[in-house]
Number of protein chains: 2
Amino acid sequence: MILAADIGGTTCKLGIFDASLKQVERWQIPTDTSREGSGILEAVHMSFKQKLEESGLGYGDCRGIGIGVPGPVDFSTGTVNGAINLNWRAPKKIKHEFERLSGITAVVDNDANLAALGEQAFGAGKGRGDIVMLTLGTGVGGGIIAGHHLVHGTHGSAGEIGHMKVAVGENFKCNCGGTGCLESVASTIGLKNLALKYSGDFESSVLKPHIEDGSLKAITVFKNAEDGDPLSLFLVDKMSFYLGLGTSSLAALTNPSQIIIGGGLSRAGDFLLGRVRAYFEEYAFPPAAEGTEIVPAELGNEAGIYGAAKIVSQYIDHE
Amino acid sequence: MILAADIGGTTCKLGIFDASLKQVERWQIPTDTSREGSGILEAVHMSFKQKLEESGLGYGDCRGIGIGVPGPVDFSTGTVNGAINLNWRAPKKIKHEFERLSGITAVVDNDANLAALGEQAFGAGKGRGDIVMLTLGTGVGGGIIAGHHLVHGTHGSAGEIGHMKVAVGENFKCNCGGTGCLESVASTIGLKNLALKYSGDFESSVLKPHIEDGSLKAITVFKNAEDGDPLSLFLVDKMSFYLGLGTSSLAALTNPSQIIIGGGLSRAGDFLLGRVRAYFEEYAFPPAAEGTEIVPAELGNEAGIYGAAKIVSQYIDHE
């Protein structure tokens, strides 16, 4: 068996997979972030122990566990350098702690990386060795897979697609402290930035009251864009333009067969992806772009635990 | 023994390495691009055969050959999709042809990729698993190494760093047919583009006659910038700004320990690299940039054959 955990700020998604990576159990437990999240790993451990016992199994029947967390992970040591959503303020040695609790080998990675790996192995990129995934939500996350393996980089900080510099001219401050990041123009935060900057150029828009009182939601922008509201259409187009530039650079750098778009904003479907594709085709380096498709993610919020199971099969020797 | 060839438009650099990748022979032959370059591989083969015989050796003593060519290579098949500098107009099955000539296994890759691998294995990135190399010359070439292996992508068109979209606002047409490419602002071509666009903003400059008669050279720009000419300084600064943005995105995407700058323009040394570093530090995503150094290449024109030898040791099983 292979165990998989995707630890998020609200829930921990847990799964048990068989040796052929077929999911045999799937459940979740709430994430208790009190006391600086000090009980999270223990709770995950206890839940696995109980679920395994219910099936007459134990940790001894498991090859290992894959664990995804929302923070920057040093993949070689399995240490996360803090995770704000889990209330982990300091570096946490997840691999070490979970191995001590369970006695089995743990492989730890960033949750967005594991979502990319899940989509590559079981979702929109099934069977392809080279893919890029972008997750468009409050911010922009991502993961890069080259030759079937995640690109981790020297400190595990690779795949930070939201911090590509595509929009320096807009001059929006990003959460990272910098300016020009893809996240600052192609996320819920990005739509708000663009709306504040450009709404004055439009005489009237159903968005204006939402912009003024700070309640603007991405879904409102997309819904009104589909209904023909000029400001909403302008915002979706601007966001698509920057995603077109970003994906063009990604194609030139890693030449993926698929660029997979997931996250809450991707629910806008072809209304968004069609525009992104048009800018991609306009800007992308032709030899690298050839054969690169821009496609929606398929696994939704399940991508992470699929990736967590997959990475165990990649990094723990078959017994 | 391991054989290595770096086939360029003027010369073919050839080398013999021992099993520990120490270079034991190094010579070159002219590249004959006549008759659509149809004799190039045969000439390389004959030269290796003769050099081996002079040492009392033969192909039977060789584990394989690495071959670099200036064009887009499908790494899995060893086919280059044309190479303008070699007068190869159509796709050429280099791996297949050289294996038929020599009887030994050939590994074929793009020359800029092999230069990156050479620098990673023996030069400025020695011993590091994650590096990026940029070659600044007439254009901008590059290679990306993640986890000790070159990123090839799905059609071998990865690492085209010159075609990252960093300068869409400048609106210079690139050789690739697109606009906004790093190559269009950070190469000899790029300096010419910037000079033509901005020289009118400067009352006088020693560069102006060169810009007007089309004879502007990169070395002239750097020399006069060092002497304080305002237009020349402006051009070096603009180029550095765009290199700072490009390297910032590369750090966020692949989190390398070193970004290695080579090619003719890198001879400007810290006068250029210091400015690139300053913009990199201003823009780069802090966690990914941490520990990333921007350093000059060390192997110059030799990087390619070192990379050609290295890739044989990576992709041909030890016997």
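Every chain is numbered from 1 and lettered A, B, ... according to where its sequence line falls, protein lines coming before strand lines. Side chains are part of it too, since the values below use all heavy atoms of this structure and drop only hydrogens, waters and symmetry mates.
The two residues B:V151 and A:A146 make their nearest non-hydrogen contact at CG1-CB, 4.0 Å.
If you measure heavy-atom distances from A:V132 to chain B, you find no contacts under 4.5 Å at all. Interface residue A:I161: backbone and side-chain heavy atoms are both found under 4.5 Å from chain B. For A:H149, no part sits under 4.5 Å from any heavy atom of chain B, backbone or side chain. Neither the backbone nor the side chain of B:V166 comes within contact range of chain A; no heavy atom of the residue lies under 4.5 Å from a heavy atom of that chain.
More than 12 heavy-atom neighbours from other residues, nucleotides or ligands sit within 6.0 angstrom of NZ on B:K197.
Contact residues of residues 280-294 of chain B toward chain A are B:Y283, B:F285, B:P286, B:P287, B:A288, B:E290, B:G291 (heavy-atom distance under 4.5 Å). Listed in order of number, the residues of residues 170-179 of chain A that approach chain B to under 4.5 Å between heavy atoms are A:C176, A:T179. Close approach to chain B, defined as a heavy atom under 4.5 Å from one of its heavy atoms, is seen in no residue of residues 110-121 of chain A. Of residues 240-253 of chain B, those residues with a non-hydrogen atom less than 4.5 Å from any non-hydrogen atom of chain A are, in numerical order, B:F241, B:L245, B:S248, B:S249, B:L250, B:A251, B:A252, B:L253.
The choice from A:C181, A:A158, A:G159, A:G143 that makes the most heavy-atom pairs within less than 4.5 Å of chain B is A:A158.
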Verify side-chain contact (heavy atoms from CB on, under 4.5 Å) between B:H155 and A:N255, making sure each step is shown before the conclusion. CA-CA 7 Å; B:H155 304 111; A:N255 181 214; 3.8 Å; yes

